[in-house]
Amino acid sequence: MKITARQEALLKRTFIDYQQVTEFLRDPLIVDRAQGVYYWDTEGKRYFDAIGGIFVATLGHGHPRLMDAMRQQMEKMTFAPPLHGIADVTLDFVERLGAVAPGNLKYVKGFSGGSEATESAMKFVRQYFKQTGHPGKYKFISRYQGYHGGTAGAMSASGTGPRKTKFEPQMPGFVKVFPPTHYRNQFASWEECNRFAAQAVEDVIIAEDPETIAGFIVEPVGNTGGIITPTAEYFQILRRICDRYNVILIFDEIITGFGKTGAMFAAQTYGVTPDIICCGKGLSSGMVPIGAMIAREDMAEAFWGAASDDVQFAHGHTFAGNPLASAVGIAVIDEIVENRLDEKALRMGERLRARLEGLKKHGVVREVRGRGILLGVELVKDTRTLAPFPELGAALKKTALKSGLILRVDPSWFAISPALVANDAELDEMCALIEESFVAAVEQALTTPRPTARA
Ligand SMILES: Cc1ncc(COP(=O)(O)O)c(C=O)c1O
């Protein structure tokens with residue numbers, strides 16, 4: 001799209017997440033409005049939002065039920081006094097989120113984003129162990145290629161190379177293991193490979209000393225590693241290991257929560273209940289900033305006592321459990337439950353997966369993976385040698401925008417996560433746009449000479 005001189009000048013006074021502004025200026029996108037599954041840029045061009053903004057707009061943009069919930073709450077109260085009280089609607093939110101979470105995960109605290117949720121969960125776990133006779137348990141294990149947020153603690157738990165090395169040294173007390181994909185070529189089957197990757201976590205716990213390990217934080221479907229989709233057995237093994245060594249299992253469901261994988265949470269899709277779930281993004285469908293942590297109810301008992309015991313959770317954020325966010329969160333949950341949108345995600349997922357599998361005919365797709373509507377496609381130069389093909393991802397980012405399509409594109413893979421409210425015609429339209437931009441990108445990538453190393 002073309003941008004004005006004023007827009008260009010202002011773009012140079014801000015930054016776009018994880019992007020070089022000079023590069024962005026070559027192919028800018030300045031959005032003006034959104035409705036349902038579409039965005040429009042400031043020139044009026046329409047884009048299909050195949051990724052819900054960024055795994056956020058689970059119910060599409062501007063959903064009427066959410067607008068109503070927000071409007072009603074706005075007229076009543078938009079801010080509660082965090083040090084003196086709590087909004088009644090926030091208590092309703094606690095009840096509603098606890099009701100749809102698995103097992104006895106009923107202890108709920110609302111936040112303003114995913115990083116606040118993961119950061120808070122890790123602080124909660126550390127304080128929990130200090131108050132339950134294990135003060136030496138403070139380390140968190142997480143995975144290379146994982147992402148848990150941009151704040152210092154969440155970043156330290158993250159394992160995405162370039163996103164973290166710029167800010168090193170990381171906080172102490174964070175240990176990494178490899179995701180199952182790392183061992184993939186060494187095993188004949190994906191199942192065996194997952195078994196190995198999960199069991200390797202036990203070796204790390206023992207090597208680090210179990211009395212120092214507080215928690216294991218993991219995304220049930222790992223986005224930044226390229227929609228890493230472990231087997232259910234992987235999580236069953238992790239669950240057993242965490243139980244054996246009194247390690248708190250935290251599922252970072254900031255992407256996977258709220259119906260996308262075929263159940264309210266991926267924990268339910270996999271049939272494995274963690275001790276804590278962190279969520280955000282889709283919980284508001286993008287209407288308001290949101291996050292939440294849901295912990296085992298019995299863990300909360302470690303935080304109850306007399307005021308003089310000083311065992312309350314020593315933590316807070318000004319906008320945590322905000323009334324507007326709570327009202328919208330309740331409406332999102334109700335909409336998913338009442339319309340069985342999680343079950344719809346499975347049907348939608350089958351339709352989408354079949355279309356994405358069709359891209360294999362171009363000889364540059366290694367695999368289609370994911371659960372429900374959260375799907376990813378791994379790109380390779382050659383399906384026999386599995387040589388990487390970053391030129392294809394780079395080209396796809398541009399051809400998709402040109403075709404009027406917003407995807408999550410990494411040089412080695414791309415992902416989709418359309419709104420759960422999309423109908424069949426909209427899904428077909430999205431798939432046609434994916435195919436069109438994919439074909440154009442393959443053509444471009446095959447004809448673009450590889451950049452030569454500068455002398
Ligand atoms: C898995 C995961 N965890 C945590 C976060 C951080 O959430 P936020 O950006 O809302 O702080 C993200 C954001 O992309 C995420 O994908």
Side-chain angles (χ1 to χ4, degrees), residues 15-19 51-58 109-124 140-160 162-164 167 170 174 176 179 181 215-230 235 249-258 260-261 265-267 269-270 274 276-294 317-322 325 328-329 332 370-376 406-410 413-417:
F15 63 86
I16 311 292
D17 292 7
Y18 302 104
Q19 281 195 54
I51 196 74
I54 184 69
F55 304 107
V56 169
T58 346
K109 179 76 178 151
F111 297 112
S112 308
S115 308
E116 259 184 33
T118 50
E119 200 73 55
S120 306
M122 291 189 286
K123 283 177 74 178
F124 181 79
F140 287 94
I141 303 179
S142 57
R143 296 194 319 199
Y144 288 110
Q145 297 192 321
Y147 181 69
H148 301 291
T151 50
M155 184 93 276
S156 301
S158 301
T160 47
R163 281 195 190 186
K164 72 183 171 71
F167 307 102
Q170 292 194 305
F174 289 86
K176 302 284 184 308
T181 35
F216 183 87
I217 180 163
V218 62
E219 296 159 82
V221 176
N223 166 45
T224 39
I227 311 297
I228 296 175
T229 314
F235 292 108
L249 181 59
I250 306 173
F251 276 7
D252 177 343
E253 295 233 25
I254 286 152
I255 285 182
T256 53
F258 306 101
K260 291 188 190 97
T261 66
F265 292 102
T269 300
Y270 278 114
I276 297 180
I277 287 178
C278 296
C279 54
K281 291 194 189 267
L283 177 54
S284 79
S285 195
M287 301 290 289
V288 279
I290 204 160
M293 154 193 140
I294 322 166
H317 290 283
T318 303
F319 293 106
N322 174 270
V328 172
V332 166
R371 289 287 193 127
I373 54 153
L374 178 56
L375 294 170
I406 299 179
L407 295 171
R408 165 82 165 92
V409 188
D410 190 84
W413 51 272
F414 76 87
I416 59 167
S417 177

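Only a predicted model underlies this, so the values are computations on that prediction, with no experimental measurement involved. Quick note: residue numbers are just sequence positions, from 1. Atoms within a ligand are numbered from 1 in the order they appear, just like the ligands themselves.
Protein heavy atom at the shortest distance from atom 3 (N) of ligand 1 is D252 OD2, 2.7 Å. Atom 1 (C) of ligand 1 has Y147 O, 3.2 Å as its closest protein atom, hydrogens excluded (heavy atom only). The closest protein non-hydrogen atom to atom 7 (O) of ligand 1 is G114 CA, 3.2 Å. Protein heavy atom nearest atom 14 (O) of ligand 1, with residue, atom name and distance: K281 NZ, 3.0 Å.
Annotation: F265 is in aromatic contact with F258 [ring centroid separation under 6.0 Å].
Contact annotation: the side chain of P289 never approaches that of F319 to less than 4.5 Å [non-hydrogen atoms, C-beta and beyond].
For the pair R143 and F216, the cation-pi criterion (under 6.0 Å, within 45° of the ring axis) is not fulfilled. Judged by the 6.0 Å and 45° rule, R408 forms no cation-pi pair with F414.
Listed by number with element, the atoms of ligand 1 under 4.0 Å from a non-hydrogen atom of I255 are 16 (O). The contact set between ligand 1 and E219, taken as ligand atoms under 4.0 Å from a residue heavy atom, comprises 1 (C).
The closest non-hydrogen atom to atom 5 (C) of ligand 1, taken over I254, I217, T256, comes from I254. Nearest-residue assignment for atom 9 (O) of ligand 1 (options S115, S112, G113; heavy-atom criterion): S115.
With values rounded to the nearest 0.5 angstrom, T181 atom OG1 is found 5.0 Å from Q145 atom CD.
Using bins of under 30°, 30° to 60° and over 60° for the plane-to-plane angle, the ring pair F235/F251 lands in the perpendicular bin.
Only the backbone of H148 comes within 4.0 Å of ligand 1, judged by heavy-atom distances. Counting heavy atoms closer than 4.0 Å to ligand 1, residue E116 contributes nothing at all.
Paired with P274 under the rule side chain to side chain contact (heavy atoms under 4.5 Å, CB included), one option of I250, I217, L249, I294 passes, and it is L249.
Any N or O atom pair closer than 3.5 Å counts here, and N223 shares no such pair with ligand 1.
Without hydrogens or angle criteria, E116 side chain to A320 main chain gives no donor-acceptor distance under 3.5 Å.
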